[in-house]
Asker: 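Below you'll find the structure I mean.
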Amino acid sequence: MPRIPNFPPAYLEEHKRWHDARERVDPDRPPAGYGLEFLQFHRRFTRKVLSWYRLSGLDPRWVEPWDLPPEPIRRASCYDRQAEERLARQPQTFAGADEFGRFIESSGLHACLHQEAADLFGDPDLSDFDVAPRSTLFYNIHGMLDRWWQNWEASGRFRSKSGRDHSGP
């Protein structure tokens with residue numbers, strides 16, 4: 001079930017507005033600050049939508065994060081296994097959350113995940129920022145990316161003695 005029934009238009013609009021406000025960002029070279037914004041927005045957005053999803057009585061199995069993308073996606077020419085390895089298994093190599101988030105974009109991994117999952121599962125919505133959030137695959141992908149970020153957070157490299165987040169460039 002790729003398409004979520006009765007998806008609230010306000011959530012689509014919220015996601016669209018976030019991306020529209022950043023349409024001039026070059027994904028190959030996102031500016032400082034973009035990576036952290038990307039991660040924070042998508043974490044908050046995903047949690048909000050999944051709360052609505054569960055309250056609607058929809059099957060949570062459809063939106064569970066992937067541990068890794070399906071193998072056909074990982075074999076795609078656009079997919080960077082070295083980027084995956086660094087994000088999923090070597091998060092300590094990132095100095096901050098912003099660097100982590102910018103790498104998700106600049107490596108091409110985020111775009112490739114959307115594009116290849118759309119093709120693999122026959123879900124063109126996933127390739128369109130305006131409607132991607134109404135696809136269950138959106139939450140498989142962004143849940144996985146958020147788990148990788150949580151893994152980075154658990155490495156403890158971002159905490160100072162004051163407990164403040166240092167998500168530097």
Side-chain angles (χ1 to χ4, degrees), residues 2-4 6-56 58 60 62-67 69 73 78 80 83-84 86-88 91 94-118 123-155 157-159 163-169:
R3 184 167 296 169
I4 299 172
N6 304 312
F7 194 86
Y11 291 158
L12 289 178
E13 183 60 29
E14 179 181 352
H15 186 261
K16 179 183 180 317
R17 275 194 321 269
W18 191 88
H19 279 281
D20 285 352
R22 291 152 186 83
E23 70 183 341
R24 296 192 194 279
V25 170
D26 177 357
D28 294 330
R29 300 183 71 192
Y34 178 85
L36 183 59
E37 285 180 34
F38 172 86
L39 292 168
Q40 289 175 334
F41 170 79
H42 284 88
R43 176 178 281 174
R44 282 190 305 265
F45 180 80
T46 298
R47 286 180 178 171
K48 179 176 14 177
V49 171
L50 291 180
S51 176
W52 165 84
Y53 183 92
R54 286 182 195 93
L55 288 171
S56 297
L58 298 168
W62 286 99
V63 292
E64 288 179 0
W66 290 333
D67 290 325
I73 294 173
C78 65
D80 185 338
E84 172 196 289
R86 185 173 179 208
L87 289 161
F94 295 96
D98 186 52
E99 180 185 345
F100 189 90
R102 285 186 291 140
F103 185 78
I104 288 170
E105 287 290 291
S106 66
S107 67
L109 201 64
H110 179 234
C112 182
L113 286 164
H114 275 265
Q115 169 191 316
E116 294 300 317
D123 185 6
D125 283 1
L126 198 56
S127 294
D128 182 344
F129 285 131
D130 292 352
V131 293
R134 69 182 180 192
S135 171
T136 57
L137 298 164
F138 179 92
Y139 304 95
N140 304 142
I141 292 168
H142 282 276
M144 177 185 68
L145 296 176
D146 191 64
R147 276 189 180 168
W148 291 352
W149 182 29
Q150 289 173 22
N151 199 26
W152 176 83
E153 289 174 317
S155 73
R157 296 193 63 215
F158 68 106
R159 297 280 179 207
R164 297 196 64 212
D165 186 337
H166 292 278
S167 305

Asker: Can you name the closest pair of heavy atoms from D130 and K16 and give their distance?
Answerer: OD1-CG, 3.2 Å
Asker: What distance do L36 atom CG and E99 atom CD have between them, rounded to the nearest 0.5 Å?
Answerer: 12.5 Å
Asker: For I4 and L58, run side chain to side chain contact (heavy atoms under 4.5 Å, CB included): C-alpha distance rounded to whole Å, both residues' side-chain angles, the deciding distance at 0.1 Å, then the answer.
Answerer: CA-CA 9 Å; I4 299 172; L58 298 168; 3.8 Å; yes
Asker: Does atom CG (D67) have a neighbourhood of more than 12 heavy atoms from anything else shown, all under 6.0 Å?
Answerer: no
Asker: Could you measure the distance from the CG atom of N140 to the CH2 atom of W66? Nearest 0.5 Å is fine.
Answerer: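 The CG atom of N140 sits 5.5 Å away from the CH2 atom of W66.
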Asker: Does F38 have R102 sitting over its ring (NZ/CZ under 6.0 Å from centre, angle to axis within 45°)?
Answerer: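 No, cation not above the ring by the 6.0 Å, 45° rule.
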Asker: Step by step, would you call M144 with L113 a side chain to side chain contact (heavy atoms under 4.5 Å, CB included)?
Answerer: CA-CA 11 Å; M144 177 185 68; L113 286 164; 3.8 Å; yes
Asker: What heavy-atom pair brings P133 and F7 nearest, and what distance separates the two atoms?
Answerer: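 In this case the closest contact between P133 and F7 is O-CE1, 3.2 Å.
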Asker: Are more than 12 heavy atoms from other residues, nucleotides or ligands located less than 6.0 Å from atom CG of N6?
Answerer: no
Asker: Show the numbers, then the answer: is there a side chain to side chain contact (heavy atoms under 4.5 Å, CB included) between R43 and Q40?
Answerer: CA-CA 5 Å; R43 176 178 281 174; Q40 289 175 334; 5.8 Å; no
Asker: Working to the nearest 0.5 angstrom, can you tell me the gap between H19 NE2 and F41 CZ?
Answerer: 6.5 Å
Asker: Looking at S107, C112, S106, which hits side-chain contact (heavy atoms from CB on, under 4.5 Å) with L109?
Answerer: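 Only one of S107, C112, S106 forms a side-chain contact (heavy atoms from CB on, under 4.5 Å) with L109, namely S107.
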Asker: Can you measure from CZ (R47) to NE2 (H142) and round to the nearest 0.5 angstrom?
Answerer: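 Between R47 CZ and H142 NE2, I get 14.5 Å after rounding to 0.5 Å.
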Asker: Parallel, tilted or perpendicular, judged at 30° and 60°: which one describes the rings of F138 and H42?
Answerer: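 Plane angle between 30° and 60°, so tilted.
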Asker: Would W18 and F129 count as a ring pair (Phe, Tyr, Trp, His ring centres under 6.0 Å) if you check the C-alpha gap in whole Å, the side-chain angles of each, and the deciding distance to 0.1 Å?
Answerer: CA-CA 10 Å; W18 191 88; F129 285 131; 8.7 Å; no
Asker: Rounded to the nearest 0.5 Å, what's the gap from CG on D128 to NE2 on H114? Could you check?
Answerer: 11.0 Å
Asker: Test your reading of the model: is there a side-chain donor-acceptor pair from S155 to the backbone of W152, 3.5 Å cut-off?
Answerer: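 Here the side-chain-to-backbone pair exists.
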Asker: Between CZ of F103 and CZ of F94, what distance do you get to the nearest 0.5 Å?
Answerer: 4.5 Å
Asker: Should the pair H15 and F45 be assigned to parallel (<30°), tilted (30 to 60°) or perpendicular (>60°) ring geometry?
Answerer: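 Tilted: the ring planes of H15 and F45 meet at 30° to 60°.
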Asker: Verify side chain to side chain contact (heavy atoms under 4.5 Å, CB included) between D125 and L137, making sure each step is shown before the conclusion.
Answerer: CA-CA 10 Å; D125 283 1; L137 298 164; over 6 Å; no
Asker: Ring centroids only, cut at 6.0 angstrom: are Y139 and W62 within range, meaning strictly under it?
Answerer: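 Centroid separation for Y139 and W62: 6.0 Å or greater.
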Asker: Search all heavy atoms of L12 against all heavy atoms of V131 and return the closest pair with its distance.
Answerer: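 Where L12 meets V131 most closely, the heavy atoms are CD2-CA, 3.8 Å.
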Asker: Would you say the side chain of T46 lies within less than 4.5 Å of the side chain of V63, judging by non-hydrogen atoms?
Answerer: no
Asker: Which heavy atom in A97 sits nearest to a heavy atom in W149, and how many Å separate them?
Answerer: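 The pair with the smallest heavy-atom distance is CB-NE1, 3.5 Å.
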Asker: Are the side chains of W148 and E84 in touch, meaning some heavy atoms are under 4.5 Å apart?
Answerer: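 They are in contact (side-chain heavy atoms under 4.5 Å apart), so the answer is yes.
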Asker: Grab the two heavy atoms, one from P65 and one from G143, that are nearest each other, plus how far apart they are.
Answerer: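 Nearest heavy atoms, P65 then G143: CB-C, 3.4 Å.
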Asker: Quick check: closest heavy atoms across L126 and A117, and the distance to 0.1 Å?
Answerer: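 Nearest pair, atom of L126 first, then A117: CD2-CB, 3.4 Å.
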